[in-house]
Each structure stands twice: as C-alpha cells, then as structure tokens.
S.K.: 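Mind having a look at this structure? Questions to follow.
To find a chain, count down the sequence lines: A is the first, B the second, and so on, and within it residues start at 1.
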Amino acid sequence: MGNFDPTRLRPLPREFFDRDPRKVARDLLGKVLVRRERGRLLAARVVETEAYLGTEDPAAHAFAGPTERNRVLFGPPGHAYVYFIYGNHHCLNVSCEPEGMAGCVLFRALEPLQGESAMAKARGLAAPEPAAVQARPGLLRHLTSGPGRLAEAFGITRPRDNGKDLTSAENDLFLADDGAGKMKIESSARVGITKAAERRLRFYVEGNAFVSGKRVESSK
DNA sequence: TTATAGATTGCCT
DNA sequence: GGCAATCTATAAT
C-alpha cells in the first residue's frame with residue numbers, strides 16, 4: 001500500500017473494458033484512477049465497484065434504452081459515463097462491452113495514493129495533517145469513500161468529464177495499472193437501489209478501510 | 001405542466 | 001436513526 005510509484009502507471013487498454021461488466025468490475029479492483037491538472041497528479045486505488053448490466057438490468061440507467069443522458073453507455077467501451085444525482089452529487093462509471101451494448105461499472109470507493117491535500121480541498125475539508133493521519137488513518141476515508149465523495153475529490157462533473165476516453169494517458173482523467181498485486185475480493189448486493197437489489201454485483205477489496213458503508217475504526 | 005423518485009451525503013436529534 | 005438539500009429524468013395529469 002505504501003509504495004506507489006507514478007512512473008509505473010500504464011493506461012488500461014480498450015480491450016480491458018470490452019467485456020462483461022461483472023468481469024470488468026472485479027478486475028478494476030486494485031487499479032488506479034488518475035487525474036492530471038495544473039502539473040498536479042491525483043491518484044487513488046479502486047477498492048469498491050458495482051456492475052450494471054445494460055438493457056437487461058432494471059437497476060441500470062440503460063434499462064429503457066438510449067437517451068440523451070445515457071448515450072455514452074451505448075458507445076464504445078472505456079469511456080466515462082457521469083451522471084448527476086439527488087441534486088447534489090456526480091457519480092463516475094466506465095462503459096463496458098462493444099458499441100451497442102450498454103453495460104458499465106460504477107466506482108463506489110477509492111483509496112487515496114497521491115494528492116490527498118488537493119482532494120481534501122476539492123471536498124471542502126481541511127488539508128489532512130500527516131501527524132493526524134498517522135494517528136487516525138480514518139481521516140482520509142472521508143475523501144473518497146462513496147461514489148459522490150470520490151467524484152467530488154477528483155473534480156469529476158458531467159460537463160467536464162462525461163464521454164471522456166479513460167484509456168488514454170493523454171487525457172486528464174484515465175484508468176491505469178501500476179503493477180500492484182492481486183487483492184482478495186468479496187462480493188455483495190448493490191447499494192442504494194430498489195430494483196434488482198438482490199443481484200450480487202458489488203465487488204470490493206476484503207478488509208480495505210476505504211470501502212464505503214462501514215464504520216470508521218473505533219479505537220485501537 | 002406538475003409530481004415524484006432517485007446508483008448520496010451530511011447534519012440533526 | 002431520521003431527514004433535508006437540491007437538480008434531473010421520467011411518469012402522471
């Protein structure tokens with residue numbers, strides 16, 4: 001966890017996303033979301049995802065077919081689908097499967113690797129003091145634990161990022177592999193939905209403190 | 001044209 | 001644990 005080297009980042013190829021979203025959601029765990037802006041690098045490891053299966057999935061935005069809002073989902077794989085929800089929050093997805101099929105993966109939680117101060121600023125929080133973080137690692141959890149939170153930390157909005165190709169390091173937002181090893185993966189029902197809620201399409205890194213929906217470490 | 005639910009979060013009791 | 005905030009897409013008038 002402690003040894004992140006930005007020079008090892010390699011963008012994920014288009015083929016990575018040209019598959020069943022359940023496979024992509026699982027394989028994205030351990031990969032890195034990267035934002036570059038003004039010479040600064042934000043990076044965070046993917047630790048929680050959810051798969052949405054397109055027109056066959058009642059919980060998916062693509063269920064009713066293509067609309068202006070969701071058309072990115074029906075396009076080529078590896079592109080950002082960003083939507084605005086509850087009047088407050090943006091959420092980031094990546095399109096999967098070949099053009100014409102609308103599967104996607106929602107990013108639910110990340111573990112910050114680099115640029116924590118900028119993330120805190122974007123979230124309207126005080127910059128985390130290294131000493132305080134040392135004492136209570138749970139402080140960083142508020143930065144990127146939850147789909148709305150991680151989008152805010154990375155400055156992700158629909159006008160700015162919807163439709164962006166996430167497979168190109170030329171872009172200011174992309175997904176990469178930094179060579180990190182495999183992690184133990186768990187699955188569960190998806191969070192916050194009412195339709196098709198029984199399907200176990202949520203995937204997360206077992207035991208990772210940044211997975212959403214868990215209590216912050218009590219004391220120890 | 002109006003109503004309502006929504007792939008959430010944070011603050012209040 | 002409850003609920004308001006605040007915009008959008010879609011359903012209902």
S.K.: Applying salt bridge (Lys or Arg N to Asp or Glu O under 4.0 Å) as the test, list every pair that has at least one member in residues 69-93 of chain A; sequence neighbours left out.
M.R.: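 Listed by first then second residue: A:Glu68-A:Arg71.
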S.K.: Can you give the first and last nucleotides of DNA chain C, 5' to 3', that have an atom under 4.0 Å from a heavy atom of chain A?
M.R.: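 From 5' to 3', the first and last contacting nucleotides are C:dA5 to C:dT10.
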S.K.: For DNA chain B, which consecutive runs of 3 or more Watson-Crick or G-U pairs (each distance under 3.5 Å) count as stems?
M.R.: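 Runs of three or more consecutive pairs: B:1-6 with C:7-12, B:8-12 with C:1-5.
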S.K.: Side-chain polar contacts of residues 46-59 of chain A - donor-acceptor pairs under 3.5 angstrom, sequence neighbours left out - could you list them?
M.R.:
from: A:Glu48; atom 1: OE1; to: A:Ser212; atom 2: N; distance (Å): 2.6
from: A:Glu48; atom 1: OE1; to: A:Ser212; atom 2: OG; distance (Å): 3.0
from: A:Glu48; atom 1: OE2; to: A:Arg108; atom 2: NE; distance (Å): 2.9
from: A:Glu48; atom 1: OE2; to: A:Arg202; atom 2: NE; distance (Å): 2.8
from: A:Glu48; atom 1: OE2; to: A:Arg202; atom 2: NH2; distance (Å): 3.2
from: A:Glu48; atom 1: OE2; to: A:Ser212; atom 2: OG; distance (Å): 3.0
from: A:Thr49; atom 1: OG1; to: A:Ala25; atom 2: O; distance (Å): 2.9
from: A:Glu50; atom 1: OE1; to: A:Tyr52; atom 2: OH; distance (Å): 2.8
from: A:Glu50; atom 1: OE2; to: A:Val191; atom 2: N; distance (Å): 2.8
from: A:Asp57; atom 1: OD1; to: A:Ala59; atom 2: N; distance (Å): 3.1
from: A:Asp57; atom 1: OD1; to: A:Arg190; atom 2: NH2; distance (Å): 3.2
from: A:Asp57; atom 1: OD2; to: A:Leu53; atom 2: N; distance (Å): 3.0
from: A:Asp57; atom 1: OD2; to: A:Arg190; atom 2: NH1; distance (Å): 2.8

S.K.: Within the supplied structure, the quantity of interest is the number of heavy atoms (other residues, nucleotides, ligands) at a distance under 6.0 Å from A:Glu198 CD; does it exceed 12?
M.R.: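 Counting other residues, nucleotides and ligands, CD of A:Glu198 exceeds 12 neighbours.
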S.K.: In residues 65-74 of chain A, which ones come under 4.0 Å of DNA chain C, going by heavy atoms?
M.R.: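 Output list: A:Thr67, A:Arg69.
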S.K.: I need the residues from residues 184-194 of chain A with at least one non-hydrogen atom less than 4.0 Å from DNA chain B; give them sorted by number, or say none.
M.R.: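 Nucleic-acid contacts, sorted: A:Gly192, A:Ile193, A:Thr194.
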S.K.: Mind calculating the distance between CZ (A:Phe63) and C1' (B:dA7) to the nearest angstrom?
M.R.: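 Taking CZ of A:Phe63 and C1' of B:dA7, I get 15 Å after rounding.
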S.K.: Please list, chain by chain and in numerical order, all residues satisfying side-chain contact (heavy atoms from CB on, under 4.5 Å) with A:Lys182, sequence neighbours excluded.
M.R.: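 Listed in chain order: nothing, the list is empty.
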S.K.: Atom CG of A:Leu143 to atom P of B:dT8: distance rounded to whole Å?
M.R.: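 It works out to 19 Å between those atoms.
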S.K.: Check DNA chain C against residues 82-109 of chain A and give the residues with a non-hydrogen atom under 4.0 Å, in numerical order.
M.R.: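 Result for residues 82-109 of chain A: A:Phe84, A:Tyr86, A:Gly87, A:Asn88, sorted by number.
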S.K.: Between B:dT8 atom P and A:Arg123 atom CZ, what is the distance in whole Å?
M.R.: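 A:Arg123 atom CZ is separated from B:dT8 atom P by 14 Å.
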S.K.: If I compare all heavy atoms of A:Thr144 with all of A:Pro112, which pair ends up nearest, and what's the gap?
M.R.: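 That would be OG1-CD, 3.4 Å.
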S.K.: If a pair satisfies side-chain hydrogen bond (donor to acceptor under 3.5 Å, both in side chains) and one of its residues is in residues 17-28 of chain A, list it, with sequence neighbours excluded.
M.R.: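 Passing the test, one end in residues 17-28 of chain A: A:Arg19-A:Asp27, A:Asp20-A:Arg22.
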S.K.: How many Å lie between CZ on A:Arg149 and C1' on B:dA7, as a whole number?
M.R.: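 That distance rounds to 15 Å.
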S.K.: Kindly write out the residues that satisfy salt bridge (Lys or Arg N to Asp or Glu O under 4.0 Å) with A:Lys164, not counting sequence neighbours, or none if the list is empty.
M.R.: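 A:Asp161, A:Asp172.
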S.K.: How about A:Glu129: does its CD atom have over 12 heavy atoms from other parts shown lying under 6.0 Å from it?
M.R.: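 12 or below, so no.
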S.K.: List the residues meeting ring-ring contact (aromatic ring centres under 6.0 Å, His included) with A:Phe74, not counting sequence neighbours, and say none if there are none.
M.R.: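 A:Phe74 satisfies ring-ring contact (aromatic ring centres under 6.0 Å, His included) with no other residue.
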S.K.: Would you mind telling me which residue lines up with the more 5' stretch of DNA chain B, A:Glu152 or A:Tyr52, judged by nearest nucleotide?
M.R.: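 Nearest-nucleotide comparison on DNA chain B picks A:Tyr52.
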S.K.: Rounding to the closest angstrom, what is the interatomic distance between B:dA7 and C:dG1 at atom P?
M.R.: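 That atom pair is separated by 22 Å.
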S.K.: Which pairs count as salt bridge (Lys or Arg N to Asp or Glu O under 4.0 Å) when at least one residue sits in residues 112-126 of chain A, sequence neighbours excluded?
M.R.: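 Passing the test, one end in residues 112-126 of chain A: A:Arg123-A:Glu152.
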S.K.: Reading DNA chain B from 5' onward, which residue's closest nucleotide shows up sooner: A:Gly146 or A:Lys195?
M.R.: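 With A:Gly146 and A:Lys195 compared, the 5'-side residue is A:Lys195.
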